[in-house]
Amino acid sequence: MYDAHLGRCGLTANQLAVLWCVLAREPAAMSDISRTVVMDKTTVSRNIASLVARDLVRTRSGRDSRRRFVTTTPNGRRRFVAALPAWEAAQSQVAQTIGKAMFAGLGRQAKAVARALARRPGKGDRGG
């Protein structure tokens with residue numbers, strides 16, 4: 001449902017989540033993006049590569065060449081703003097479909113899961 005709404009803006013839900021995170025943390029370290037959006041690093045890397053190819057974000061190396069940072073481009077900031085009404089329409093449609101109380105409960109649960117994952121030891125690890 002989200003991708004259907006956002007497709008008109010040329011973004012997927014995952015791409016919008018990554019773009020949102022980059023905007024909030026510029027310059028955003030790739031590892032921080034992965035933790036924040038609760039996606040594995042490979043998925044984040046694919047989304048970043050797609051956003052770079054479309055001139056929505058840029059990457060650069062940090063002092064340590066193993067660390068990469070991401071910033072938005074002017075085009076990326078415009079695309080983000082243009083996508084917000086589509087995101088809000090998708091949110092509204094989901095809330096209508098499943099009911100506002102359930103939708104609000106799922107939002108609270110998702111935030112609780114994200115906080116728990118962010119606090120756990122070895123949070124960058126993929127294993128148990």
Side-chain angles (χ1 to χ4, degrees):
M1 194 174 299
Y2 286 88
D3 284 348
H5 280 276
L6 291 167
R8 296 176 222 143
C9 303
L11 294 171
T12 66
N14 280 349
Q15 290 169 336
L16 182 65
V18 169
L19 190 56
W20 206 319
C21 180
V22 172
L23 272 163
R25 296 173 165 258
E26 287 189 271
M30 294 277 281
S31 57
D32 292 340
I33 296 167
S34 180
R35 272 192 303 277
T36 301
V37 298
V38 193
M39 284 182 207
D40 65 83
K41 291 178 183 178
T42 304
T43 301
V44 169
S45 293
R46 277 195 310 270
N47 280 286
I48 293 290
S50 173
L51 295 171
V52 166
R54 295 167 49 216
D55 189 40
L56 302 179
V57 300
R58 290 195 179 98
T59 63
R60 65 171 172 78
S61 296
R63 278 185 244 144
D64 177 346
S65 63
R66 294 172 294 177
R67 192 147 179 185
R68 307 274 311 152
F69 289 91
V70 185
T71 57
T72 56
T73 64
N75 188 34
R77 290 186 288 279
R78 283 190 299 274
R79 181 74 56 94
F80 176 80
V81 169
L84 288 179
W87 174 260
E88 290 168 359
Q91 292 278 84
S92 180
Q93 185 176 355
V94 171
Q96 270 187 319
T97 301
I98 66 172
K100 290 183 181 185
M102 182 179 282
F103 182 74
L106 288 172
R108 287 189 299 276
Q109 289 175 343
K111 288 176 186 174
V113 167
R115 282 191 298 273
L117 290 173
R119 287 192 305 264
R120 75 174 193 196
K123 55 189 166 195
D125 298 341
R126 293 190 71 179

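For this chain, numbers begin at 1 and follow the sequence in order. Everything numeric in this text was worked out from a predicted model, so none of it was measured.
Note: Cys21 SG to Met30 CE = 11.0 Å, rounded to the nearest 0.5 Å. A distance of 4.0 Å separates OG1 of Thr97 from CE of Met1, quoted to the nearest 0.5 Å. The distance from atom CG of Leu11 to atom CG of Leu16, rounded to the nearest 0.5 Å, is 6.0 Å. Taken from CD in Glu88 to CD in Gln91, the straight-line distance is 8.5 Å, to the nearest 0.5 Å. Atom-to-atom distance recorded for Phe69:CZ and Arg63:CZ is 8.0 Å, nearest 0.5 angstrom.
A salt bridge between Asp32 and Arg67 is present, with a side-chain N of the basic residue lying under 4.0 Å from a carboxylate O of the acidic one.
Closest approach of Ala13 to Leu6, counting heavy atoms only: CA-CD1, 3.6 Å. Heavy atoms only, all atoms of each residue included: Val57 and Val70 are closest at CB-CG1, 3.7 Å. Contact detail for Cys9 and Ala82: the closest heavy-atom pair is SG-O, 3.8 Å. Of all heavy-atom pairs spanning Gln15 and Gly10, the tightest one is OE1-O, 4.0 Å. The minimum heavy-atom distance linking Val37 with Ala17 is given by the pair CG1-O, 3.6 Å. Closest approach of Gly76 to Leu19, counting heavy atoms only: O-CD2, 3.7 Å.
Using a 4.5 Å heavy-atom cutoff, the side chains of Thr43 and Val18 are not in contact. Residues Ile33 and Ile48 are in side-chain contact: their nearest non-hydrogen atoms beyond the backbone lie under 4.5 Å apart.
A donor-acceptor contact under 3.5 angstrom links the side chains of Arg68 and Ser61, judged on distance only.
Val113 and Met102 fall into different hydrophobic clusters, where Ile, Leu, Val, Met, Phe, Trp and Tyr side chains are chained together by heavy-atom contacts under 4.5 Å. Neither Leu106 nor Val38 shares a network with the other; the hydrophobic side chains, linked directly or stepwise wherever heavy atoms of I, L, V, M, F, W or Y lie under 4.5 Å apart, form separate groups for each.
Between the side chain of Asn75 and the backbone N or O of Leu56 there is no donor-acceptor pair closer than 3.5 Å.
Using cut-offs of 30° and 60° on the angle between ring planes, the pair Trp20 and Phe80 is perpendicular.
Partner of Thr72 under the side chain to side chain donor-acceptor pair (under 3.5 Å) criterion, chosen from Glu26, Arg58, Arg78, Arg79: Glu26.
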